[in-house]
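Naming: A, B, ... by sequence-line order, numbering from 1 per chain.
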Amino acid sequence: MTEDVPPRPKARAPRGFQDRRADALAAERRILAAVSRVYESYGFEHLDTGAFEYADALGKFLPDADRPNEGVFALQDDDEQWMALRYDLTAPLARFAAENWDSLSKPFRRYAYGPVWRNEKPGPGRYREFLQCDADTVGSDRPEADAEIIAMAVEGYAAAGLPRSAYALRINNRKLLNGLLTAAGVVESGQKLAVLRAVDKLDRLGPQGVVSLLGAGRKDESGAFTKGAGLASAAIDSVLAFVEAGRDTRVATLDRLSEVIGGSAEGDEGLGELARISEALGRMEVGEDQAVFDPSIVRGLEYYTGAVFEADISLQTVGERGESVRFGSIGGGGRYDDLVARFTGQKTPATGFSFGVSRLAAALAAADGQGDRQRGPVVVLALDQALMGDYFAIARELRAAGLPTEVYLGGSGMRAQMKYADRRLSPAAVIVGGDEIAAGTVTIKDLDLGRALAASVADNQAWREGRPGQVTAPRGELVAQVRRIVEAAA
RNA sequence: GCCGCCUUAGCUCAGUUGGUUAGAGCGCUAGAUUGUGGAUCUAGAGGUCCUCGGUUCGAGCCCGAGAGGUGGUACCA
């Protein structure tokens, strides 16, 4: 009988999706706990919403029949409605706030964290599923609300464990550049957008590159040509002067900006908002090195209407192959006064910030040298089938005493069991065979001690017979002996 | 989306002008060591040579298309 062999599926994660193991998860959990504590200390309430939203709630990236998954992961519900996985936490917040507006106490302040999904080309440090952690204030147009968001972001990074010198929040206001462009006679929206994109590339291309992109266009090393914004040279000069207006302190930058902006109504409004943010940041004692006014910050998102924030990490690390590893932006946000209005028709001021948790975790791991590995449990070796009951009794006793413990459940011999415990980074192994049962004792091995000694032992016979870190104690001392070893390891 | 490069064992890679049975290191499993982790030695398992089509007596190698990966660029709510 010949049977068709069913094709075997290839075991692989979808591209852009990653498996995270205990070490990475523990790091994420630490970050989320630390940042949540900061948010709650400012009075923000925790909110969780579902992974899916109806597509029309997600904004202008609606799935259409031809390309339903452009940018988002979308599917059609059994009532034909399009639903899509959320691509950030802000759109669901806007929906929630609009849906519950009448019953919420205003301003509504909430924080949220969870995975978001984007259906786009993955790259290094860029996934199609990743964690964000957001805090937003809905219903306050005060610049002080922005200042508070900034202060929390700075505090959040510190609480997560980033060294102060490794990060900074860069702050700008959309109204400044808008006002400047209006004053310079640039009113066409496509052209404005091109200017924003050009300015955004200052850090990567430098002033020269930005000037080309503001003007006719730019050809890169690969020969590809990017069309420019087509500004006149006078306008280019004023944009460049604006972009380079950054000074050592927030107040000095403000002074310089007021010289450069040139008195448009919108520009003055932006300056006024930044001044009040500056005042509040000063009184909240947010350091000049932690929160910087930087006119070149744009944030691509079109929905921002006022202040914009972006967190940069300056950490430079070296990867496994000696290449330098750069982490991009590790968070961003800003003021979006029109998002809730999409649902309610009423202009509702809102401002918020989003931590890129996954990137932050990667940055932290690089900063402190790959981070700590999670310790394994105490392993009770299964040496004798007839004694399995005793092994489970021992494990129960240890767990009851608060010591994570497992009985080895594989089928391999003792050597493999020791190796198993070693590779799990277990602090101790409990060895009970016929000898111990007969004598009423337990043998406990301190695996860390052996790990430390291993380097200096060359001869296997000596290594084995030396039995480093191994004690045999009366059965009644089991918990005390194991606890001593585990606590020394922690 | 566009341009370049790449795809051979779990991982990193070698593979001669196109010629018999496709290799190495690391890792994995086991033995040397009946009850002891590292090192050493030995053995073993592990392959759709990315896929499909073509050229050829013969293709891992040549040609075409596609997929995936990667770097740059564009976009990025």
Side-chain angles (χ1 to χ4, degrees), chain A residues 5 7-8 10-12 14-16 53 57-62 67 70-72 84 86-92 94 116-124 126 128 132 193-194 196-197 200-201 204-205 209 213 217-227 298-304 320-321 323 328-329 332 334 336 339 342 354 379 381-384 410-426 428-436 443-470 472:
Chain A
V5 183
R8 288 192 309 232
K10 187 170 182 180
R12 70 212 210 281
R15 66 201 179 90
E53 292 286 340
L58 285 181
K60 58 185 175 7
F61 289 83
L62 298 182
R67 302 190 305 173
E70 186 69 17
V72 297
R86 64 189 181 202
Y87 56 77
D88 70 9
L89 296 174
T90 311
V116 302
W117 296 267
R118 296 185 186 182
N119 190 4
E120 57 189 26
K121 180 183 162 189
R126 218 181 137 127
R128 293 155 94 194
Q132 286 194 333
L193 202 59
L196 290 180
R197 284 185 191 137
D200 196 29
K201 294 188 173 60
R204 197 152 49 83
L205 303 180
L213 283 174
R218 175 174 176 275
K219 185 181 274 194
D220 62 50
E221 312 85 63
S222 74
F225 181 76
T226 310
K227 193 165 174 289
V298 170
R299 303 288 300 162
L301 332 188
E302 276 180 81
Y303 62 58
Y304 289 125
E320 283 174 21
R321 300 179 181 188
E323 82 279 20
S329 154
Y336 49 98
L339 220 51
R342 288 188 41 246
S354 176
V379 175
L381 302 195
L383 299 177
D384 184 339
S412 299
M414 181 169 185
R415 178 187 165 87
Q417 298 189 33
M418 290 298 298
K419 199 168 175 175
Y420 173 83
D422 184 40
R423 289 218 274 179
R424 292 260 256 138
L425 262 195
S426 293
V430 176
I431 303 167
V432 174
D435 297 349
E436 283 83 0
T443 296
I444 296 152
K445 182 153 186 157
D446 179 342
L447 294 173
D448 279 357
L449 198 60
R451 276 189 269 264
L453 259 41
S456 58
V457 177
D459 173 43
N460 187 251
Q461 180 121 14
W463 161 252
R464 284 160 55 106
E465 289 175 358
R467 305 204 168 164
Q470 194 162 315
T472 295

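- Rounding to the nearest 0.5 Å places CG of Asp446(A) at 11.5 Å from OG of Ser426(A).
- For the C1' atom pair drawn from G71(B) and A30(B), the interatomic distance equals 43 Å after rounding to whole Å.
- RNA chain B is contacted by both Gly16(A) and Leu193(A); Gly16(A) maps to the nucleotide lying nearer its 5′ end (nearest heavy atom per residue).
- Between C11(B) and U16(B), the two C1' atoms lie 26 Å apart (nearest whole Å).
- Taking the C1' atom of each, C26(B) and C63(B) are spaced 36 Å apart, rounded to whole Å.
- Leu447(A) comes within 4.0 angstrom of a base, heavy atoms only.
- One N or O on the side chain of Arg451(A) and one on the backbone of Asp422(A) form a donor-acceptor pair closer than 3.5 Å.
- Taking atom C1' on both U20(B) and C57(B), the two are 14 Å apart, rounded to the nearest angstrom.
- The nearest pair of heavy atoms linking Gln417(A) to Ser412(A) is NE2-O, 3.0 Å.
- Listed here is the closest heavy atom pair of Leu58(A) and Ala91(A): CD2-CB, 4.0 Å.
- Distance CZ (Arg128(A)) to C1' (C76(B)): 15 Å, rounded to an integer number of Å.
- When the C1' atom of G38(B) is taken as reference, atom NZ of Lys445(A) falls 11 Å away, rounded to whole Å.
- Distance check: Tyr303(A) OH to Asp88(A) CG gives 4.5 Å after rounding to the nearest 0.5 Å.
- Atom NZ in Lys201(A) sits roughly 8 Å away from atom P in C76(B) (whole-Å rounding).
- Here Arg197(A) does not pair with Asp200(A) in a salt bridge; the nearest charged N to carboxylate O distance is not below 4.0 Å.
- Separating the C1' atom of G60(B) from that of G18(B) is a span of 11 Å, rounded to the nearest Å.
- A22(B) sits 8 Å from G15(B) when the C1' atoms are compared, rounded to a whole Å.
- Of the two residues near RNA chain B, Arg451(A) and Leu213(A), the one whose nearest nucleotide lies more 5' is Arg451(A).
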Base-pair map of RNA chain B as dot-bracket, where | denotes pairing with a different strand and pairs are Watson-Crick or G-U under 3.5 Å: (((((((..((((.....[...)))).(((((.......))))).....(((((..]....))))))))))))....

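- G47(B) sits 30 Å from G4(B) when the C1' atoms are compared, rounded to a whole Å.
- Contact annotation: Arg197(A) reaches the phosphate of C75(B) (side-chain N/O to OP1 or OP2, under 4.0 Å).
- One atom, CZ of Arg299(A), and another, P of C75(B), lie 15 Å apart when rounded to the nearest Å.
- Rounding to the nearest 0.5 angstrom, the gap separating the CD1 atom in Ile431(A) from the CZ atom in Arg467(A) is 8.0 Å.
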Where protein sits on nucleotides 25-35 of chain B, one letter per nucleotide: B base, S sugar-phosphate only, - none, heavy atoms under 4.0 Å: ---SSS-BB-B

Should Lys201(A) and Leu213(A) be marked as a side chain to side chain contact (heavy atoms under 4.5 Å, CB included) after you check the CA-CA gap, both sets of side-chain angles, and the distance that decides it? CA-CA 9 Å; Lys201(A) 294 188 173 60; Leu213(A) 283 174; 3.9 Å; yes

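- Residue Asp384(A) is classed as having no contact, given no heavy-atom separation below 4.0 Å to the nucleic acid.
- Atoms CG and CD, on Leu449(A) and Gln470(A) in that order, are 11.0 Å from each other to the nearest 0.5 Å.
- A distance of about 49 Å separates the C1' atoms of U73(B) and G38(B), rounded to the whole Å.
- Between the Glu53(A) side chain and the Ala84(A) main chain, no donor and acceptor come within less than 3.5 Å of each other.
- Atom CD1 of Ile444(A) and atom C1' of U36(B) are 15 Å apart (whole Å).
- The residue Lys227(A) sits apart from the nucleic acid: no heavy atom pair falls under 4.0 Å.
- Counting to the nearest Å, the P atom of C76(B) and the OH atom of Tyr87(A) are 13 Å from each other.
- Between Arg118(A) atom CZ and C76(B) atom C1' the separation is 7 Å, expressed in whole Å.
- The line from OG1 of Thr90(A) to CD of Gln132(A) is 7.0 Å long, rounded to the nearest 0.5 Å.
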